[in-house]
Number of protein chains: 2
Amino acid sequence: MKATAERILAGDRRSLARAITLVESERPDHRAQSLELLSLLRGAGRQALRVGLSGTPGSGKSTLIEQLGLMLADAENRVAVLAVDPSSNQSGGSILGDKTRMERLARHRNAFIRPSPSRLAPGGVSARTREVVALCEAAGFDTIIIETIGVGQSEILVSEMSDVFVLILGPAGGDELQGVKRGVIEISDIVLVNKADGDLEAAARQTCAEYAGALRLLSSRPCDPEGVPMAMTISAILGTGLSTAWNEITALAEWRKRSGFWDSNRTRQEVRWFEAEVDRCLLDEIRTIPGLAEVRTEVALGVSSGEIDPGEGAVRVIEWLRTRKSPG
Amino acid sequence: MKATAERILAGDRRSLARAITLVESERPDHRAQSLELLSLLRGAGRQALRVGLSGTPGSGKSTLIEQLGLMLADAENRVAVLAVDPSSNQSGGSILGDKTRMERLARHRNAFIRPSPSRLAPGGVSARTREVVALCEAAGFDTIIIETIGVGQSEILVSEMSDVFVLILGPAGGDELQGVKRGVIEISDIVLVNKADGDLEAAARQTCAEYAGALRLLSSRPCDPEGVPMAMTISAILGTGLSTAWNEITALAEWRKRSGFWDSNRTRQEVRWFEAEVDRCLLDEIRTIPGLAEVRTEVALGVSSGEIDPGEGAVRVIEWLRTRKSPG
């Protein structure tokens with residue numbers, strides 16, 4: 001692992017890709033190697049700017065990431081793009097696949113794009129993504145964009161790995177504002193209303209004004225500078241507003257570094273990472289208790305035949321666990 | 001609980017609402033009462049048509065549910081609308097709140113709208129929603145619409161409580177097709193492309209044709225009739241296509257009843273419900289092991305100070321668990 005760590009620190013892409021496959025593996029021996037590798041790399045103390053980025057389908061998120069990524073990569077800012085796909089543990093991947101997306105960015109020498117793993121245990125997506133982020137930081141990337149889709153749980157997970165969280169929206173009518181949940185607005189530092197071009201420009205400005213209002217109402221973060229969270233209009237296709245948006249992202253990151261929020265936030269994130277990992281491991285552990293699998297199967301048969309209610313069945317399993325004579 | 005069960009079976013709304021609050025409660029004594037009540041109600045053997053319904057923000061989902069709900073309620077079909085909100089366990093609710101949505105439907109004597117609970121433990125949303133569905137079935141509703149937002153995990157959860165799953169989309173450009181994940185397409189029986197009116201009509205028809213193609217490619221369900229899954233255009237605002245869509249939903253439900261899929265699917269769903277409930281209870285159970293909380297706190301301090309990596313910290317907790325002398 002020491003040689004691998006050195007190659008990753010030297011910026012070797014192939015070693016990085018292999019290390020990502022290693023941390024995404026579920027084999028116990030791979031897990032032990034991953035932990036060793038992560039510990040070795042941690043010593044280097046490298047940090048990237050981690051930008052969490054979410055947008056609903058149709059908001060133009062892929063176009064934005066490609067344009068923003070190209071702008072940064074052209075300016076010698078090394079960019080990694082990682083995807084957290086909340087549905088990937090079911091049957092994996094988007095319809096057209098990630099390879100057809102961001103084709104130009106994928107070919108850029110300063111960019112690295114890693115689609116979400118196609119198959120992982122529930123909950124595993126987020127735990128492993130945190131580790132993939134750590135690998136990319138060690139590999140010397142300046143910016144790591146952690147992308148997610150959907151409105152809900154996955155944003156919360158991504159925000160817990162990010163230094164700055166950006167939400168991308170399309171122009172929408174006033175009554176559609178409610179479609180974006182309070183929880184997602186609350187974790188957003190910068191809301192970008194995309195498609196401020198052509199016929200949709202006026203609608204985009206209107207949507208932006210509405211979100212700016214909502215952000216003012218909901219904001220209650222004493223740790224941020226005046227004006228944060230903020231809403232801005234952009235056009236990913238035309239490229240307008242992108243450099244302004246990036247300046248706001250980096251200015252906020254700098255402010256957070258100076259104020260101490262950056263460090264305290266990262267510490268808090270590490271503790272949450274640990275807590276989530278413990279819960280996952282505890283569940284794995286308890287599943288191996290001798291006899292439990294058999295009791296579950298037996299009760300499941302009763303549920304299947306309609307004799308036992310599902311909730312009642314769960315109570316029976318727990319009662320068995322509590323009263324068994326020889327604990328494992 | 002027996003009197004409560006009788007009132008619910010008689011269609012008393014107030015008792016139903018109170019019972020929902022009871023099953024959503026996290027108090028252990030409430031849990032025991034809930035299980036008793038659910039068991040009593042189960043005896044009645046009532047079934048509703050459970051329609052899972054998902055759509056991204058801006059797809060016009062609320063308008064569709066209100067229009068469809070009013071159409072059904074006016075025809076003496078009793079409709080319950082339940083919301084599963086994947087972000088609600090963070091900080092709850094949509095910006096404008098559920099009360100301002102579907103105002104006309106909410107006032108209809110044949111309709112019952114229940115927003116998602118504002119605060120629940122992670123994973124709890126889905127477990128409790130299943131039970132709320134069971135309460136509404138016992139209360140004699142003909143149709144239960146289980147609504148969710150987002151593209152990902154929550155759809156999978158909702159599809160596991162539904163007899164028919166419907167996805168609502170807005171018109172979108174061809175390259176945006178990829179925004180909707182394969183996993184969500186695979187669980188969809190009927191894709192409704194909304195906003196097929198005015199300027200967007202042509203775009204809606206184009207999107208519908210693209211999804212129809214994708215559905216043909218991805219479909220591999222021998223248990224369904226010819227032509228399922230299907231894609232159709234509708235206009236929720238104009239009301240066009242709604243009765244056709246409803247006819248397709250009920251025709252599919254009838255087909256599934258005749259083919260035996262309905263029953264086998266419900267049995268499979270009950271077993272999954274049981275399994276999810278067991279996992280949740282097991283984690284609760286293991287958290288109470290004497291000394292574990294203290295070890296977690298101690299290791300978390302090490303993680304917080306940077307001495308221990310998060311993944312390594314989890315390994316230490318599990319090692320403590322394995323080697324402790326007196327298991328609880």
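Letters go in sequence order (proteins before strands), and every chain restarts at 1.
B:D279 and A:R287 get closest at one heavy-atom pair: OD2-NH2, 2.7 Å. Of all heavy-atom pairs spanning A:G313 and B:F274, the tightest one is C-CE1, 3.4 Å. For A:A314 against B:V278, the heavy-atom pair with the smallest separation is CA-CG2, 3.8 Å.
Here the CD-SG distance, from B:E319 to A:C281, works out to 10.5 Å after rounding to the nearest 0.5 Å. Here the CD-OG distance, from A:E312 to B:S34, works out to 12.0 Å after rounding to the nearest 0.5 Å. The distance from atom CD of B:E36 to atom CG of A:D309, rounded to the nearest 0.5 Å, is 11.5 Å. Between the CG atom of B:L283 and the CZ atom of A:R280 there is a distance of 12.0 Å, given to the nearest 0.5 Å.
Applying the salt bridge (charged side-chain N to carboxylate O under 4.0 Å, His left out) criterion to A:D263, with sequence neighbours excluded, gives no partner residue.
You'll find the side chain of B:L282 reaches within 4.5 Å of the side chain of A:L292, heavy atoms only.
Interface remark: B:L321 contributes side-chain atoms only to the contact with chain A (heavy atom separation under 4.5 Å). Interface residue B:I308: only backbone heavy atoms are found under 4.5 Å from chain A. Within the 4.5 angstrom heavy-atom criterion, only side-chain atoms of B:V317, from C-beta onward, approach chain A.
Top candidate by heavy-atom pairs under 4.5 Å with chain B, chosen from A:G302, A:S304, A:G170, is A:S304. Interface summary for chain B: among A:G311, A:A32, A:S305, the most heavy-atom pairs under 4.5 angstrom belong to A:G311. Per-residue heavy-atom pair counts under 4.5 Å with chain B were compared for A:L301, A:L38, A:I286, and the maximum is reached by A:I286.
Here salt bridge (charged side-chain N to carboxylate O under 4.0 Å, His left out) pairs that include residues 265-275 of chain A, with residues two or more places apart or in two chains, are A:R42-A:E270, A:E137-A:R266, A:E160-A:R272, A:D163-A:R266, A:E275-B:R296.
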